[in-house]
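Residue indices begin at 1 and follow the sequence shown.
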Amino acid sequence: MPQAIDNSVQWFKVTLVPWFRALPAAARVGAATLFGALLLLFLIRATATHQEADYLPVYSDLSLEDAGLVTERLKTLEIPYRLGSTGSSVMVPAGRVVEARIALAQDGLPRNSRSGLKLLDNGSMGDTREVISAKLLRAKEQELEATLIRLIEVKDARVHLALAPDVLFEADRVPSTAGVMLTLVPGTRLAPERVEAVQTIVAASISGLAPEEVNVTDSMGNLLAKAGANDDIGAISDRRLQLQQMVEKHLHDKVENLLGGVLGNRRSAIAINVELDFDSIEEERTTYDPDKAAIRSEERHEGTTGATNESSETSTTNYELNSRVERVARAPGSIKRLSAAVFVEGEYESSEEGVKYVPQTAEELERIRTMVASALGFNAERGDVISVSDRRFDRSEEQAYKSSLVAARRNRLLYNLGLRLILLAGIVAAYYPVKRILRLLPQVESALQVHQESPAGEVQEEEKEPTISKEEEQRRQVHEEVTELAIDSPENVAQLIRTWLAESPARTGA
């Protein structure tokens with residue numbers, strides 16, 4: 001092993017380092033950048049692998065819904081997490097497991113972790129009837145809590161059941177009752193129909209429990225439904241208010257659709273107020289028809305006088321008038337009075353001076369009023385009032401919103417364009433270094449082959465500088481001195497060369 005390490009180090013010094021120094025400057029920068037990027041990726045991967053080994057599960061066997069809620073809460077708490085392979089387990093760093101469990105428990109997570117049936121799995125032979133009954137009651141309560149928590153407005157729930165005991169005589173029976181306390185999600189409100197749904201769920205799960213005997217409150221102490229008081233004045237007022245709002249919304253949508261098709265969208269504002277009659281009235285009407293009289297009874301009397309012996313006859317007829325009796329019952333909730341206020345926007349005309357607002361004419365406003373009255377079922381005898389007016393709407397917020405959308409779209413376009421330009425510049429800058437590196441690859445391969453074929457000793461001998469003799473050293477010194485003299489005194493050197501050239505023919509002749 002040490003010999004292999006020494007050979008690798010020797011190959012690095014002898015082959016790779018000289019090859020890297022022989023590269024051009026641009027190629028060296030590209031190679032160094034590539035090597036640094038690979039090293040950085042290796043370090044990131046090694047760190048991530050090490051971190052994965054330090055993660056422990058905070059909860060396992062979760063439903064997909066609970067897993068999503070748990071991960072969203074961990075994001076809010078800024079606790080890093082990882083999901084298991086099946087998505088049913090959530091893992092956090094080992095040092096933050098306890099912190100995560102406490103924070104999630106405060107929010108009632110996971111929501112579907114309650115199972116009352118688990119209480120019945122831990123029974124023993126010594127359990128008395130009272131203990132078993134208490135466990136069964138608590139199991140029912142926990143199952144109801146798990147069901148109520150699935151409502152989107154409910155964050156947590158507590159259910160308490162008071163079941164009536166079995167009695168021999170029906171006269172001694174007392175009704176079963178239940179109490180439900182709901183912790184709602186912040187910013188939400190439980191509608192009356194949802195409260196009735198909670199009462200129905202609890203009552204349907206317990207035999208002999210009526211929905212009217214379920215008391216529902218929230219965690220703030222507000223009474224949402226009082227047991228045995230579903231038909232009190234408050235509940236009746238809520239139903240009447242809901243019915244009035246439904247009628248007003250129905251009429252509003254009808255007029256809005258009508259004006260939207262005539263004037264265009266967002267060019268009208270409508271407000272409708274409806275007064276409903278919730279009185280239940282029964283009327284009885286009797287109608288007589290004198291033209292259709294009927295004989296009810298008729299009496300006739302016949303007799304003779306004693307003196308003249310003349311006969312006489314009298315008759316009495318009783319008539320019965322034809323009558324008709326009607327009983328009319330008016331159901332509560334009919335419209336007692338209706339009032340509506342409608343604002344419509346005029347037209348905009350473009351001219352040389354700019355955009356000019358042109359209001360609606362009186363004839364056009366009257367025509368719109370007639371259409372609205374027909375759509376609402378206007379009745380003057382009830383005292384209905386409908387007013388239609390012209391109004392120029394404030395479009396400043398809409399224009400600002402459109403301007404912000406245009407600016408955001410432009411900034412996004414410039415951002416994407418900048419990223420593409422940077423990517424293109426990077427590709428162009430890396431093209432030539434990569435090209436030179438690819439050209440030098442055959443030389444590197446040949447050098448590697450030579451290094452593999454030659455022993456390490458020969459390489460070291462080739463690296464040694466050749467020995468220089470004394471004569472060669474003297475010549476090198478003379479050459480260096482002459483070179484320095486030529487640089488320092490070029491005129492003297494030139495005169496010396498001329499003298500040598502002049503003396504050369506004489507010497508030759510001699």
Does the side-chain contact (heavy atoms from CB on, under 4.5 Å) test come out yes or no for Q244 and M246, once each step is laid out?
CA-CA 5 Å; Q244 180 178 349; M246 290 174 58; over 6 Å; no

Is it true that a side-chain atom of [X] and a backbone atom of [Y] form a donor plus acceptor pair closer than 3.5 Å?
| X | Y | result |
| --- | --- | --- |
| Y357 | G346 | yes |
| D384 | L338 | yes |
| E248 | V274 | yes |
| R82 | V92 | no |

Between [atom1] of [X] and [atom2] of [Y], what distance do you get to the nearest 0.5 Å?
| X | Y | atom1 | atom2 | answer |
| --- | --- | --- | --- | --- |
| I422 | R420 | CD1 | CZ | 12.0 Å |
| K135 | L137 | NZ | CG | 13.5 Å |
| L77 | E99 | CG | CD | 7.5 Å |
| R367 | E364 | CZ | CD | 4.0 Å |
| R73 | Y81 | CZ | OH | 13.5 Å |
| I272 | S339 | CD1 | OG | 9.0 Å |

Below 4.5 Å, heavy atoms only, C-beta onward: do [X] and [Y] meet side chain to side chain?
| X | Y | answer |
| --- | --- | --- |
| L144 | L161 | yes |
| V216 | Q199 | yes |
| T370 | E366 | yes |
| Q360 | L263 | yes |
| T188 | V154 | no |
| I368 | V344 | yes |
| I102 | L104 | no |
| N222 | T217 | no |

If I compare all heavy atoms of [X] with all of [Y], which pair ends up nearest, and what's the gap?
| X | Y | result |
| --- | --- | --- |
| L190 | L184 | N-CD1, 4.1 Å |
| V97 | V58 | O-CG2, 4.1 Å |
| S176 | L209 | O-CD1, 3.0 Å |
| F378 | V385 | CE1-N, 4.1 Å |
| R96 | P80 | NH1-CD, 3.8 Å |
| F343 | R391 | CD2-CB, 3.7 Å |

Looking at [X], I want to see if its [atom1] is surrounded by more than 12 non-hydrogen atoms of other residues, nucleotides or ligands under 6.0 Å.
| X | atom1 | result |
| --- | --- | --- |
| Y401 | OH | no |
| R337 | CZ | yes |
| Y415 | OH | no |

The test is side-chain contact (heavy atoms from CB on, under 4.5 Å); show your working for R129 and I132 and say whether it passes.
CA-CA 5 Å; R129 179 178 299 178; I132 295 175; 5.8 Å; no

For the pair D156 and I149, evaluate side-chain contact (heavy atoms from CB on, under 4.5 Å) and give the outcome as yes or no after the intermediate values.
CA-CA 6 Å; D156 195 7; I149 287 174; 3.7 Å; yes

State whether [X] and [Y] are salt-bridged, where the test is any N-O pair (Lys NZ or Arg NE/NH1/NH2 against Asp/Glu carboxylate O) under 4.0 Å.
| X | Y | value |
| --- | --- | --- |
| E153 | R194 | yes |
| K140 | E143 | no |
| R267 | E347 | yes |

Residues V372, I270; criterion side-chain contact (heavy atoms from CB on, under 4.5 Å); working and verdict:
CA-CA 10 Å; V372 173; I270 307 159; over 6 Å; no

